[in-house]
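Single-structure report; data block below.
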Amino acid sequence: MGETLTKSDVRKIEEEIEYRKLTVRKEAIAAVKEARAHGDLSENFEYHAAKRDKNKNESRIRYLERMLKTAHIVSDVSRDGEVGLNNIVEVYFEDDDETETYKIVTSIRGNSMSGKISIESPMGKALLGKKEGDRVYVKVNENTGYYVVIRSVKNTTEDADDKIRGF
């Protein structure tokens, strides 16, 4: 089984594939042709850079197409007060006496540095399906974990700013 995606994730991936095939691919081919016209290919840095960029684009297209073929599609609808995809969750860390706010997202949109926690992460797995007020054990590995308390759950829709991860 591949990535867990929402219908919105699939739409964004399809849009990126289309953009890469119709726009980026044409630009990359034109750049290779132009660099090739400059002469000796063995010492032509522009040619090698253009080929590298073209190959990187083709690799990204293949990666995204393979992701779509093996994807498991899930709903991003959750009940009120219950942690689900695209919800903003305020979590209290008992050990640190701190409160953090996270958005629960699929793994291809996860970015812990910007407060987006993947449903595949230990925190995401522990929080998913729990309710406001629940005390939840986050298992980091076989020997380590910690408790958090869900202070609030805000149901949201997906942001246009939620981008899928690149290479």
Side-chain angles (χ1 to χ4, degrees), residues 1-78 83-89 91 100-130 138-145 148 154-167:
M1 183 166 87
E3 295 277 348
T4 300
L5 305 174
T6 63
K7 289 179 183 177
S8 176
D9 292 335
V10 170
R11 186 186 80 252
K12 286 180 180 184
I13 291 171
E14 289 171 342
E15 288 171 0
E16 182 177 342
I17 290 170
E18 183 176 346
Y19 171 73
R20 286 181 172 278
K21 283 183 174 180
L22 298 178
T23 304
V24 177
R25 181 182 276 166
K26 287 179 184 178
E27 292 169 357
I29 290 170
V32 170
K33 284 181 183 178
E34 182 180 331
R36 185 182 291 142
H38 291 154
D40 184 13
L41 299 182
S42 64
E43 296 180 14
N44 187 336
F45 174 76
E46 290 84 9
Y47 173 76
H48 295 290
K51 284 288 282 186
R52 185 186 64 237
D53 290 343
K54 179 183 171 293
N55 291 338
K56 186 176 179 181
N57 183 57
E58 295 302 319
S59 177
R60 177 71 175 175
I61 291 170
R62 285 190 306 274
Y63 170 76
L64 294 171
E65 288 176 337
R66 189 170 38 253
M67 183 185 295
L68 287 179
K69 285 180 186 175
T70 62
H72 173 69
I73 309 299
V74 295
S75 171
D76 59 355
V77 178
S78 62
V83 179
L85 278 168
N86 297 322
N87 292 157
I88 295 175
V89 183
V91 179
E100 297 278 338
T101 303
Y102 300 111
K103 183 171 185 177
I104 307 299
V105 296
T106 56
S107 60
I108 65 162
R109 289 187 287 136
N111 181 349
S112 59
M113 298 303 285
S114 64
K116 294 178 181 158
I117 302 296
S118 163
I119 57 174
E120 303 295 326
S121 69
M123 174 76 77
K125 287 178 184 177
L127 294 176
L128 204 58
K130 302 298 189 289
V138 179
K139 182 178 178 181
V140 177
N141 61 36
E142 293 301 318
N143 304 318
T144 309
V148 297
K154 181 180 172 189
N155 288 350
T156 63
T157 57
E158 181 194 347
D159 288 335
D161 296 339
D162 282 354
K163 307 243 184 282
I164 60 174
R165 269 195 329 249
F167 290 150

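The analysis underlying the following values was restricted to heavy atoms, covering all of them including side chains, and did not include hydrogens, waters or symmetry mates. The chain is numbered in sequence order, starting from 1.
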- Query: S121 side chain to S118 main-chain N or O, any donor-acceptor pair under 3.5 Å?
  - Reply: yes

- Item | Nearest-0.5 Å distance that lies between atom CZ in R109 and atom NZ in K103 | 6.5 Å

- Any pair with a residue in residues 21-30 that passes side-chain hydrogen bond (donor to acceptor under 3.5 Å, both in side chains), sequence neighbours left out, goes on the list, sorted by first then second residue, please. K21-E65, R25-E58

- Should I88 and Y102 count as side-chain neighbours, where that means a heavy-atom distance under 4.5 Å? no

- Note on the structure: Output for pair (K154 NZ, N86 CG), nearest 0.5 Å, gives 12.5 Å

- Considering non-hydrogen atoms only, spot the tightest contact between V89 and V91 and give its length. CG1-CG2, 3.6 Å

- Shortest non-hydrogen pair, I104 vs G84, comes out as CB-O, 3.6 Å

- Mind checking whether I117 and S112 have side chains closer than 4.5 Å, heavy atoms only? yes

- Task: Find the distance between NZ (K125) and CG (L127) and round it off to the nearest 0.5 Å.
- Result: 13.0 Å

- Note on the structure: Note: L128 and L85 closest approach over all heavy atoms is CD1-N, 4.3 Å

- Item | Any donor-acceptor N or O pair under 3.5 Å, side chains E3, T106 | no

- Item | Heavy atoms of other groups near E18 CD, more than 12 under 6.0 Å | no

- Task: Please tell me if the side chains of Y19 and E15 come closer than 4.5 Å, counting only heavy atoms from C-beta onward.
- Result: no

